[in-house]
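Right, one structure below, let's go through it.
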Amino acid sequence: MNEITGFNLAVRHHPALVAEVETPSDVAEALAHAAAHGLPAAVQATGHGAVQAADGAVLILTSRMRSLSVDPEARTATIGAGCTWAEVVRAAAPFGLAPLSGSASGVGAVGFTLGGGIGPLARTYGFAADHVRSLTVVTPDGAVRVADPGSEPDLFWALRGGKSGFGVVTSLTVDLFPLATVWGGGLYFAAADAPAVLRAYQRWAPGLPETLTTSLAFLRLPPLPQLPPPLRGQFVAHLRVASATPQEALLAPMLGVAEPVLGGVGELPYTQLDRVHDDPADPMPAVERSTLLRALTPEAVETLLTVAGPSVELPIPVVEIRHLGGALAREPKEPNAVGGREAAFNVLAIGLPGSDPGAVVRALAPWSTGGSLINMHGSDLTTADRAWPEATRRRLAEIRNRVDPGNLFRIGHVAPR
């Protein structure tokens, strides 16, 4: 894998120039070159969120910006743009602390957070962007700015949830939480039981307290030898649960639906949080589409079974329903640009190149809010604006037009203009 190949192998960059930056001044130099030559600028750390090739652009690689410090007294971590969540989790663990990392610790911490960021404990603690103390950003004019509640308030608001288009974030400081362990895990159910499991999930999830975060995924797994026999080449329903405290009584109704073929739930070190979702760790090609639902109704469930259930042959390895609400629905003390707070569920379909995961999303249109979460929106750039409510879009556009009047950032998921 060369330096410009990211995690999503479906997106292949052919940039005019690659800038492997280590300092904010390196970033400023790369932006100046892009502006002087009329080239767009694009940014990549791990490439998990790549949705558009940076062809003909100045591609700024932040993977060498690996500064990382933990302040156990303040319960904060200051994270360089090239750091993954795994590095942050390991650095915080000796102090009994943890960040609001995502379901896969190999994801870049900064890009995840700029797009909102939903992790396995999201219903309890909210979006990762809700717990940012400050950000250092190099804006298109080459200035290095620190955005926090008392300085650059517009940038501080926009960068937390606006994803990109305002500059290159070189580091951010986030809250840490006293989480040495979590209670959680995943249960895999056979294809024959998947419809009953989904119907039970529809009845069970809406009544859960915010102490429990859950999702249910339909997985079409490849026949890889490294997979255990119950999963190898099989369709399974994967129930994921996580909480800061044990929740056996809450889980009991789902355990009575069917016998899992694999998996378990219990106390885990936070350093093993990846075991909840068991997302792939190796680079792979994928195309995504998602939608937010007002509610997961019985009719929506039957529609989902019709278009993506175990009896359907389709090249879409993952269809995930993620329960939202709880702390995700509340504005943080310092408001930000995160969208989607009104939704009850998120549905994400991940397909192979050439497939149409949007078919799953379109089938659920009657129950959709019309919005999406920008980190999961996918590569349909024509509809990315729906990740934010109208008032948020207007404010993001005003800030972006002021900060980036030359439209230097115009590749990928950039905030609206």
How long is the straight-line distance from [atom2] of [Y] back to [atom1] of [X], given to the nearest 0.5 Å?
X	Y	atom1	atom2	result
L9	D282	CG	CG	10.0 Å
D71	T76	CG	OG1	4.5 Å
I321	L304	CD1	CG	5.0 Å
L212	R123	CG	CZ	7.5 Å

Problem set entry | Stepwise side chain to side chain donor-acceptor pair (under 3.5 Å) test for T124 and T211 | CA-CA 5 Å; T124 304; T211 53; 6.0 Å; no
Between the side chains of S103 and D279, is a donor N or O closer than 3.5 angstrom to an acceptor N or O?
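Note: S103 and D279 side chains meet the donor-acceptor criterion.
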Check the side chains of Y201 and T214 for a donor-acceptor pair under 3.5 angstrom, ignoring hydrogens and angles.
->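 Looking only at side-chain atoms, Y201 and T214 do form a donor-acceptor pair, the distance falling under 3.5 Å.
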**Prompt:** Just one of R395, R400, R145 clears the salt bridge (charged side-chain N to carboxylate O under 4.0 Å, His left out) bar with D154, so which one?
**Reply:**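 The single option meeting the salt bridge (charged side-chain N to carboxylate O under 4.0 Å, His left out) with D154 is R395.
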Check this for me, if you would: do [X] and [Y] make a salt bridge, where the nitrogen-to-carboxylate-oxygen distance has to be below 4.0 angstrom?
X	Y	answer
E320	R240	yes
R393	E398	no
R75	D175	no

*Less than 6.0 Å separating the ring centroids of F235 and F218?*
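F235 vs F218: aromatic centres under 6.0 Å.
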Describe, in one word, how the ring planes of F345 and H323 are oriented to each other, choosing from parallel (under 30°), tilted (30 to 60°) and perpendicular (over 60°).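 Parallel, since the angle between the ring planes stays under 30°.
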Using the ring of each side chain (for Trp, its six-membered ring), is H377 parallel, tilted or perpendicular to H413, with breaks at 30° and 60°?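 H377 and H413: perpendicular rings.
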